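Below: one structure, written as structure tokens.
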Amino acid sequence: MTVLKPITIVGGGLAGLTVGIGLRQRGIPVTVWEAGRIPRHRVCGEFVSGRGQETLERLGLRDLFVRAGAGQAETAAFYSGRFRGPVRRLPVPALCLTRFKMDAVLARRLVELGGELRENARWREPVFGEGVVRATGRKAQPVEGGVRWCGFKVHARRVTLEADLEMHLGADGYVGLCRLDEDRVNVCGLFRRPVARAEDERVCWQELLQGVEGSPLRARMARAEFDEDSFCAVAGLPLAPQRAQGRPECVLGDALTMIPPITGNGMSMAYEAAEAALEPLAAYSRGAVTWHEAQSRLARQLDQTFATRLAWARALQELAFRPLLREATLPLIFHSGWLWQLVFEKTR
Ligand SMILES: Cc1cc2nc3c(=O)[nH]c(=O)nc-3n(C[C@H](O)[C@H](O)[C@H](O)COP(=O)(O)OP(=O)(O)OC[C@H]3O[C@@H](n4cnc5c(N)ncnc54)[C@H](O)[C@@H]3O)c2cc1C
């Protein structure tokens, strides 16, 4: 009998837990190191949109999410200045579940399958060598192109939506609203601050997430009651696309590259990357290929799968932060069925 080599996964987020589950389903010994505790609230719009939903299906995780209360978002609308988008049907519905529940389901499944999960255990080795997968999430980048990105998330009640997903674009950021269940909405915003301003400005998250006077966002949030325990924030997001080939380590999820959150495709990419890693990692574990071969094969596949998507997402993000251009373009996208379909498909 072949003795299977163990795999160590650093990072118990979506990518790390999912690859751990897939490897355990193949009988491979797995240890996941997680610096924090699971579950916890995380900055995220909390809707999975894209091919990662098929990964969840194939790994038997989608049903677990549904049993944990996941719902579907079927419609979306964008708002920017005078543009009040029509409510459009999503070409493929998104899956909505809080990260608190999603992470809890994945962690439980990993342990049920015999994986070892070490919580509050930070990996401190400087290198991620043979048999070690890096799924440590985004690497904070304080400044990118002269600006600092920051994100906030909170759950709120008493928010009435026109569409299941709403994107409200402002001068220096956007706020997404996602219906989570009967009475709870995820309110998640991404903002950019010029470095000079960011340093001497105290940011009030309620103000940013409630939008400016007279905006549709302000109207939605007028009676909102925030669940402050669910509030979380991140800063220093690296949004420039990165390639896997040429990296000295086996890397998955946001640790490899972040897709701009406006696409709602980051979680999907984490799931897809985890699934793509299963075959090369299993081949390494069986001794069929070297670590270097497994890592190179995976890196090639990730670059091929994500390059076009990242380029489109980058363009969409640029558009989102140019008010004049976006107010000229959004009506075209939203009133034309094929353009809406094209942008949707190319960014996931
Ligand atoms: C504002 C915003 C909104 C978003 N909205 C959406 C959305 O609506 N839909 C969507 O699909 N995606 C969204 N995303 C993106 C999505 O949240 C990420 O793409 C996804 O969480 C990536 O998963 P991951 O497993 O790569 O990283 P993470 O979920 O960040 O997990 C990484 C884990 O690694 C752990 N870790 C780090 N270093 C170490 C160490 N040295 N040792 C041990 N553990 C370590 C961390 O504690 C963390 O738990 C959004 C992101 C932002 C910023």
Side-chain angles (χ1 to χ4, degrees), residues 8-20 31-53 55-56 73 76 94-100 102-103 106-107 117-128 132-141 149-154 164-167 173-178 180 186-192 205 208-209 232-239 249 251-274 277 302 306 313 317 347-348:
T8 300
I9 298 160
V10 184
L14 303 182
L17 292 172
T18 308
V19 75
T31 304
V32 176
W33 289 61
E34 167 52 46
R37 60 182 168 72
I38 304 174
R40 61 186 193 265
H41 289 288
R42 304 212 194 218
V43 176
C44 187
E46 299 181 324
F47 63 94
V48 183
S49 176
R51 296 165 205 206
Q53 289 196 62
T55 295
L56 293 175
L95 193 69
C96 311
L97 185 65
T98 66
R99 281 298 300 271
F100 200 90
M102 198 180 279
D103 292 17
L106 295 176
L117 176 58
R118 297 189 186 169
E119 292 182 57
N120 298 311
R122 179 171 289 279
W123 180 266
R124 296 192 187 277
E125 301 291 322
V127 285
F128 293 75
V132 183
V133 176
R134 178 177 200 150
T136 49
R138 69 189 170 82
K139 188 166 184 275
Q141 183 160 319
W149 295 101
C150 57
F152 304 103
K153 189 285 291 283
V154 69
D164 298 335
L165 297 175
E166 292 189 2
M167 190 62 79
Y174 49 80
V175 175
L177 304 176
C178 168
L180 291 171
N186 166 302
V187 184
C188 184
L190 179 73
F191 302 91
R192 68 169 183 198
W205 61 269
L208 288 173
L209 293 179
C232 39
V234 286
L237 303 172
L239 296 180
E249 57 212 3
V251 58
L252 298 176
D254 279 4
L256 166 58
T257 187
M258 261 197 93
I259 189 163
I262 194 165
T263 59
N265 189 249
M267 292 195 277
S268 177
M269 278 183 49
Y271 291 132
E272 291 172 65
L302 295 180
F306 297 140
Q317 166 86 0
T347 51
R348 60 211 69 235

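Remember, it's 1-based here, ligands and their atoms both numbered in the order they're listed. Just so it is clear, the structure is predicted and the values come from calculations on it, not from any experiment. Worth knowing before you read on, the calculation uses all heavy atoms, side chains too, and leaves out hydrogens, waters and symmetry mates. All residue numbers refer to positions in the sequence shown, counting from 1.
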Students should be able to answer this: which protein heavy-atom is nearest to [atom], and at what distance?
{"atom": "atom 27 (O) of ligand 1", "value": "Gly137 CA, 3.5 Å"}
{"atom": "atom 23 (O) of ligand 1", "value": "Ala270 CB, 3.9 Å"}
{"atom": "atom 42 (N) of ligand 1", "value": "Trp123 N, 2.9 Å"}
{"atom": "atom 49 (O) of ligand 1", "value": "Glu34 OE1, 2.7 Å"}
{"atom": "atom 52 (C) of ligand 1", "value": "Pro261 CG, 3.8 Å"}
{"atom": "atom 4 (C) of ligand 1", "value": "Gly45 N, 3.5 Å"}
{"atom": "atom 43 (C) of ligand 1", "value": "Ala35 N, 3.2 Å"}
{"atom": "atom 9 (N) of ligand 1", "value": "Phe47 O, 2.8 Å"}

Between [X] and [Y], is any pair of side-chain heavy atoms under 4.5 Å apart?
{"X": "Gln317", "Y": "Tyr174", "value": "yes"}
{"X": "Asn186", "Y": "Thr98", "value": "no"}
{"X": "Val10", "Y": "Val132", "value": "yes"}
{"X": "Phe191", "Y": "Val175", "value": "yes"}
{"X": "Arg42", "Y": "Leu14", "value": "no"}
{"X": "Leu165", "Y": "Cys178", "value": "yes"}
{"X": "Trp123", "Y": "Thr8", "value": "yes"}
{"X": "Thr55", "Y": "Ser268", "value": "no"}

Atoms of ligand 1, numbered as shown, that sit under 4.0 Å from any heavy atom of [X]:
{"X": "Glu46", "result": "7 (C), 8 (O)"}
{"X": "Gly13", "result": "25 (O), 29 (O), 31 (O), 33 (C)"}
{"X": "Gly11", "result": "33 (C), 34 (O), 35 (C), 44 (N)"}
{"X": "Leu237", "result": "53 (C)"}
{"X": "Trp33", "result": "43 (C), 44 (N)"}
{"X": "Met267", "result": "9 (N), 10 (C), 11 (O), 12 (N), 16 (C), 19 (O)"}

Structural part of [X] in contact with ligand 1, heavy atom criterion under 4.0 angstrom:
{"X": "Arg37", "answer": "neither"}
{"X": "Arg42", "answer": "side chain"}
{"X": "Arg138", "answer": "neither"}
{"X": "Ala135", "answer": "backbone"}
{"X": "Val10", "answer": "side chain"}

(message) Is there a polar contact between ligand 1 and Ala15, counting only N or O atoms under 3.5 Å apart?
(response) yes
(message) Please report whether ligand 1 has a polar contact with Gly253, defined as an N or O pair separated by less than 3.5 Å (distance criterion only).
(response) no
(request) Verify the neighbour count for atom CZ of Arg40: are there more than 12 heavy atoms of other residues, nucleotides or ligands below 6.0 Å? (result) yes
(message) If you count heavy atoms of other groups shown closer than 6.0 angstrom to CZ of Arg51, is the number above 12?
(response) no
(request) For Leu252 and Ala15, work out which heavy atoms get closest and say how close. (result) CB-CB, 4.2 Å
From the options [options], select the one whose nearest heavy atom is closest to [atom].
{"atom": "atom 39 (C) of ligand 1", "options": "Val234, Leu106, Ile262, Thr136", "value": "Thr136"}
{"atom": "atom 1 (C) of ligand 1", "options": "Val43, Asn265, Val19, Ile9", "value": "Val43"}
{"atom": "atom 3 (C) of ligand 1", "options": "Cys188, Gly52, Cys150", "value": "Cys188"}
{"atom": "atom 22 (C) of ligand 1", "options": "Asp254, Val48, Leu14, Thr18", "value": "Asp254"}

Determine yes or no for a side-chain-to-main-chain donor-acceptor pair under 3.5 angstrom, with [X] supplying the side chain and [Y] the backbone.
{"X": "Glu34", "Y": "Gly36", "value": "yes"}
{"X": "Glu46", "Y": "Cys96", "value": "no"}
{"X": "Arg118", "Y": "Asn120", "value": "no"}
{"X": "Glu119", "Y": "Ile38", "value": "yes"}

State if [X] counts as touching ligand 1 under the rule of any non-hydrogen atom under 4.0 Å.
{"X": "Ala121", "result": "yes"}
{"X": "Arg40", "result": "yes"}
{"X": "Arg124", "result": "no"}

(request) Determine the sole option in Thr257, Thr263, Ile262 for which the side-chain contact (heavy atoms from CB on, under 4.5 Å) test with Ile259 is passed. (result) Thr263
